[in-house]
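Small disclaimer: the values here were computed from a predicted structure and weren't measured. Letters A, B, ... mirror the listed sequences (proteins, then strands); counts begin at 1.
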Amino acid sequence: MFILSGSIPKDFFGGIWFIIQNNYPLYLEGVKYTLMISIAGTTLGLFLALLITIFRIQESDSRDNFGTRAYKRISVIMSASYVEFFRGTPMMVQAAIFFYGFAMIGIRIPILIAGIIIVTLNTAAYLTEVLRAGINSIDKGQMEAARSIGLTRGQSFRYIIFPQAIKNMVPAIGNELVVNIKDTAVLSVIGVSELFYMGKSIAGTYYRYTEAFVTVAIIYLILVLITTRILTLIVKWINIPNKTTFPTSQSNPLAVN
Amino acid sequence: MEIIRVNNLHKSFDDVEVLTDINLTIESGSVTTIIGPSGSGKSTLLRCLNQLDNVTSGTILYNDEDITSNQTNLNELRSKIGMVFQSFNLFNNLTVLDNCIIGQEKVLHRSKHKSIDNALNFLKQVGMYDFRDRKVTTLSGGQKQRVAIARTLSMNPDIILFDEPTSSLDPEMVNDVLEVMKNIISKDYTFIVVTHEMEFARDVSDRVIFMETGRIVNDGTPNEIWNINSSERLKRFLNI
Ligand SMILES: Nc1ncnc2c1ncn2[C@@H]1O[C@H](COP(=O)(O)OP(=O)(O)OP(=O)(O)O)[C@@H](O)[C@H]1O
Ligand SMILES: [Mg+2]
């Protein structure tokens with residue numbers, strides 16, 4: 001698969017240096033997939049979350065007829081179940097079910113696409129909760145005033161509530177991207193050649209697991225640090241008070257501040 | 001000509017009745033103030049009139065149409081019955097001017113140009129023209145309430161409901177807002193004002209309604225309320 005030049009030094013740092021020198025194209029390939037999947041997955045997940053949130057926040061009022069009421073009720077139950085399922089099960093398990101499930105019924109999904117879909121579905125579940133919390137944090141008077149001049153509920157969300165909520169949510173969305181950069185590692189279970197997968201195969205080549213994985217850890221750390229710096233700049237740029245960070249309750253949230 | 005007629009209105013939240021058998025007619029172009037102790041149901045009555053709250057039983061006729069019916073287009077109705085809130089509720093993501101044009105564009109489907117003209121006109125009238133491009137979050141309470149009044153006027157409503165428009169203002173700003181309100185009183189609008197500003201109520205009202213525990217207890221001209229048929233209870237409330 002790749003060419004070995006000379007033999008690997010025995011000591012730890014020498015080993016790391018050797019591994020980097022001889023394998024950086026593989027690591028870069030891994031980084032490419034990791035970034036591609038996490039950026040695409042977070043972006044698509046945000047759009048999917050917007051859609052799911054529309055169903056999630058339906059509310060019956062006493063004027064609704066039976067059909068409308070049933071439709072709203074079902075919307076809420078379905079969207080809430082979606083969120084519960086994806087937040088309540090490990091992404092690694094979801095990836096395995098998704099990938100092997102489709103394989104079982106004879107549909108081959110390209111591995112990269114499968115990875116992006118899994119991250120998208122997962123992100124959508126988390127961001128739906130973020131969106132909902134963001135919407136709920138807007139003072140009720142905003143909606144009342146919007147309705148009092150005759151805007152529909154949909155218009156009120158679109159023009160008044162949502163623009164205010166999304167500003168508060170930017171840090172949480174950024175945080176989700178950071179989480180995804182790290183969590184794409186679990187996609188190695190279905191063979192996506194992202195960073196961790198590359199690390200594993202390099203480790204196996206030399207039987208120097210610690211050195212290979214320390215290298216992987218350093219690369220993740222660099223990716224995350226760069227991403228959080230960029231996010232901080234974005235947050236500053238749109239001038240958001242730091243207080244408005246939402247916890248995503250996902251593993252190890254690296255707060256953007 | 002009567003513009004509003006309320007018949008046997010009852011309103012409960014869960015099992016607690018907060019409005020009991022309200023009967024009321026409002027003349028077009030008149031100024032009605034509603035007074036009464038805290039919790040007597042004043043806000044709830046106002047909110048039933050523009051259907052922000054729905055009634056438990058009874059009817060509300062607006063120009064002879066029962067607006068508690070499912071057939072009513074509430075958005076169209078609310079564009080004609082404006083409301084000014086105690087806590088202003090300006091749209092925080094919009095500028096002063098945009099607060100006054102969004103409803104015109106999205107609800108009344110007026111052109112941008114016409115909406116701006118109309119809004120600027122009313123902003124002038126409330127003395128907020130110079131602030132038209134400001135973010136509303138940078139305004140003082142009194143300024144916010146004046147913008148809120150302009151936002152409501154910009155919809156060219158028939159009726160304007162005021163729910164304690166000066167209650168969350170610093171004392172020195174109360175008079176500013178009351179002056180603006182006095183200024184816009186005309187036969188073009190029907191005013192229904194919930195207020196604790198007794199002097200204002202007495203000066204500007206055609207009619208004063210005193211509510212207690214969800215009922216209308218007294219209903220008359222300011223002269224009748226203050227001088228003629230006041231009960232002991234009403235006298236105590238009015239401090240006379
Ligand atoms: N959404 C609600 N759910 C339950 N109870 C409510 C609700 N809104 C109002 N109430 C109750 O209804 C009663 C009347 O309230 P309302 O706000 O109409 O009184 P008010 O006369 O406007 O009082 P204030 O002068 O304090 O504004 C109160 O007992 C209040 O607690
Ligand atoms: Mg009140």
Closest non-hydrogen atom pair between [X] and [Y], with its separation:
{"X": "Thr72(B)", "Y": "Arg63(A)", "result": "O-NH1, 4.0 Å"}
{"X": "Arg151(B)", "Y": "Ala145(A)", "result": "NH2-CB, 3.6 Å"}
{"X": "Asn50(B)", "Y": "Ser148(A)", "result": "ND2-CB, 4.2 Å"}
{"X": "Gln142(A)", "Y": "Leu90(B)", "result": "NE2-O, 2.7 Å"}

For Asn65(A), which atoms come within 4.5 Å of any heavy atom of chain B: side chain, backbone, both, or neither? neither
From Ile160(A) atom CD1 to Asn93(B) atom CG, the distance as rounded to the nearest 0.5 Å: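 CG of Asn93(B) is found 5.0 Å from CD1 of Ile160(A).
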Can you tell me how far the CG atom of Asn70(B) sits from the CG atom of Asp64(A), to the nearest 0.5 Å?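 Answer for the CG-CG pair, Asn70(B) versus Asp64(A), is 9.0 Å.
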Given Ile102(B), Leu74(B), Leu94(B), Val84(B), the one with more heavy-atom pairs under 4.5 angstrom with chain A than any other is Leu74(B)
If we define contacts as heavy-atom pairs under 4.5 Å, which of Met155(B), Lys106(B), Met83(B) has the most with chain A?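 Looking at each option in turn, the highest pair count goes to Lys106(B).
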For Phe91(B), is it the side chain, the backbone, both or neither that has a heavy atom under 4.5 Å from a heavy atom of chain A?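 Both backbone and side chain.
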Structural part of Ser154(B) lying under 4.5 Å from a heavy atom of chain A: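 Neither part, no heavy atoms under 4.5 Å.
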Go through Lys140(A), Met143(A), Gln155(A), Glu144(A) and name the one with the most non-hydrogen pairs under 4.5 angstrom from chain B. Glu144(A)
Pairwise side-chain contact, Ile149(A) with Thr152(B), heavy-atom cut-off 4.5 Å (strictly under): no
